[in-house]
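Note: hydrogens, waters and symmetry copies are ignored here, and every other heavy atom, side chains too, is used. Both ligands and their constituent atoms are indexed starting at 1 by order of listing.
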Amino acid sequence: MIARFAFSFALLLPAWAVAEDAAEKQPPNVIVIMADDMGYGDLSCYGATAFETPHIDALAERGVRFTSGYCSASTCTPTRFSLLTGMYAFRQDGTGIAPPNSPALIQPETKTVADLLKKANYETAVIGKWHLGLGEKGEGPDWNGELKPGPLEIGFDRSFLLPTTNDRVPQVYVDQSRVLNLDPADPLWVGRKKPSEDHPTGITHRDELKMDWSHGHNQTIHNGISRIGFYTGGHAARFRDEDLADRWVAESVAFMEQHEQKQPEEPFFLFFSSHDLHVPRIPHERFQGKTPLGFRGDSIVQLDWCVGELTATLERLGITEETLVVFCSDNGPVLDDGYKDGAVELIGDHKAAGPYRGGKYSVFEGGVRTPFITCWPGTIEPAVSDEVVCTIDLPASLAALADVEIPAGVAPDSVNLAPALLGKEGAEGREELVVQNNGNAFAIRDGRWKLHRHPGGQTRNLTVEQELANTKVPKLALFDLETDPRETTNLAEERPEIAARLAERLETYLTG
Ligand code: NG6
Ligand code: CA
């Protein structure tokens with residue numbers, strides 16, 4: 001259902017063709033902005049009061065703010081895999097959390113949203129965190145050579161990446177298919193074993209760290225921060241954590257400017273894949289101390305600044321009304337994810353997961369229900385929608401907006417929700433949605449009902465609100481999200497027929 005702030009407009013097809021001279025209009029440019037580890041309650045437009053996020057709020061004020069917007073998993077790699085492929089990550093092995101030397105999890109034979117959009121002449125770019133592996137199957141990344149296959153082999157024209165996630169090694173940019181600024185005389189080595197006895201680590205040099213670790217994250221040190229994994233060499237290529245957001249904004253602005261210069265008549269697709277607010281949270285110095293929440297809050301404000309820069313660029317280039325911006329997150333929130341950055345101590349009354357239970361790593365709503373906003377001024381009318389939409393639906397929905405037919409077998413789990421994403425009156429979201437953690441916990445939502453299926457008696461629920469312990473849940477648990485949005489009362493025994501129906505539906509997905 002949609003709560004509207006203004007009058008609705010006629011429902012015309014194709015989905016993007018809603019303006020008056022629709023026939024002339026091109027499919028929109030698309031910017032997908034993905035936050036990292038941002039929870040439902042982490043923006044002022046979703047109820048946060050400890051700080052303000054004016055630029056993201058402006059997207060919500062001018063667009064559709066979803067109250068049932070989901071990512072398909074409660075960790076990064078599987079959500080991103082599904083966002084690009086439109087396929088549930090559980091259908092492919094090895095899509096849990098990618099290690100530093102992971103080969104490309106999306107090999108060229110799998111078609112992505114970028115491949116689809118290229119059929120409609122989109123210029124495509126991914127800028128920011130990748131965390132989907134690079135290189136051949138069985139081999140992994142050739143850090144000193146060509147990092148192929150990577151984004152360029154799966155539909156992207158432009159790629160400027162943090163190859164893994166920044167708490168994992170190495171801290172270098174990958175520009176197109178190569179490590180940027182790599183000096184061949186100082187080759188980059190990345191591995192799982194300590195390269196020499198005297199290699200400094202977060203354990204041996206703990207006193208000298210600028211941010212201490214709390215669990216894991218105690219191997220190679222760079223920029224005063226110890227990481228997961230080891231690396232040597234590549235010194236000229238290494239970045240400062242503080243500069244990531246600035247660099248990605250600069251690369252994104254350059255991509256849009258060049259696109260508008262070269263081929264303004266064709267659309268572009270930009271996947272702006274932020275690292276904020278993932279650990280290690282090291283916002284630029286100018287954002288440090290901007291919120292009472294420490295670096296976790298300051299990283300949110302930094303991301304908000306990034307969004308402001310992207311939308312200001314659209315304005316400057318005169319393409320605001322030709323551009324659909326989608327804002328989403330890759331999984332729910334976590335406070336202590338391995339570094340002592342004050343997130344736990346400084347949380348105050350802030351509810352990172354909003355009203356929901358759980359967070360990152362869990363299939364409770366807090367892990368997967370996240371901010372989700374679509375904005376396309378002049379086409380989308382401002383609204384709040386409680387239709388169920390998910391990041392996995394972007395391939396089919398964006399293909400529909402671009403009028404691209406999806407070949408059989410491509411994006412098999414992606415549903416075309418373009419009308420709902422554009423906030424059209426009466427347009428419906430998903431009927432059923434399956435979500436997962438990084439391993440073998442799953443849940444299925446069907447309307448008000450949600451069934452969890454856990455492998456054992458416990459699920460990892462390392463998360464918000466100091467709820468640090470593993471949460472005990474039965475193997476199957478049924479919740480009524482309408483009366484119990486916090487998922488506290490298991491109704492599996494009371495409503496066995498609903499539990500059985502959903503368990504069977506889930507089984508069909510998992511084994512199908
Ligand atoms: C976990 C890491 C965590 C984070 C996560 C991936 C430990 C103890 N924890 O294994 O810090 O890196 O993986 O996060 O190592 S994600 O958002 O990229 O999926
Ligand atoms: Ca994440």
[X] neighbourhood, listing ligand 1 atoms whose heavy-atom distance to it stays under 4.0 Å:
X	answer
H131	18 (O)
D37	17 (O)
C76	16 (S), 17 (O), 18 (O), 19 (O)
H217	7 (C), 9 (N), 11 (O), 15 (O)
D36	17 (O)
D167	3 (C), 4 (C), 11 (O), 12 (O)
I228	15 (O)
N331	17 (O)

> Among H215, R80, R168, which residue places a heavy atom closest to atom 2 (C) of ligand 1?
Replying inline: R168

Does a donor on one side chain and an acceptor on the other come within less than 3.5 Å for [X] and [Y]?
X	Y	value
S68	D386	no
D157	T124	yes
N331	D37	yes
D57	S44	yes

> With a cut-off of under 6.0 Å to the ring centre and 45° to the axis, is R247 in cation-pi contact with F239?
Replying inline: no

> Taking the six-membered ring of F268, is the NZ or CZ of R158 close enough (under 6.0 Å from the centre) and on axis enough (within 45°)?
Replying inline: no

> Does K290 pair with D304 as a salt bridge, N-O distance under 4.0 Å?
Replying inline: no

>> Looking at N166, is its backbone amide N or carbonyl O close enough to the side chain of R227 to form a donor-acceptor pair, meaning the two atoms are under 3.5 Å apart?
In response: yes

Below the 3.5 angstrom mark, is there an N/O of [X], backbone or side chain, next to an N/O of ligand 1?
X	value
I97	no
T77	no
T75	no

> How about Y356 and Y40: are their ring centres within less than 6.0 Å of each other?
Replying inline: yes

> Is atom CZ of R192 surrounded by more than 12 heavy atoms (other residues, nucleotides or ligands) closer than 6.0 Å?
Replying inline: no

>> Are there over 12 heavy-atom neighbours, none belonging to K137, within less than 6.0 Å of that residue's NZ?
In response: no

>> Below 4.0 Å, non-hydrogen atoms only: which portion of Y361 touches ligand 1? Side chain, backbone, both or neither.
In response: side chain

> When you look for heavy atoms under 4.0 Å from ligand 1, do you find them on the side chain of K129, its backbone, both, or neither?
Replying inline: side chain

>> Tell me the angle that OD1 of N331 and OD2 of D330 form around the Ca ion (ligand 2), rounded to 10°.
In response: 90°

> Within the stated cut-off of 3.0 Å, is an N/O/S atom of T79 closer than that to the Ca ion (ligand 2)?
Replying inline: no

>> Looking only at N, O or S atoms in D36, which is nearest to the Ca ion (ligand 2)?
In response: OD1

>> So, of the N/O/S atoms that D37 has, which is the nearest one to the Ca ion (ligand 2)?
In response: OD1

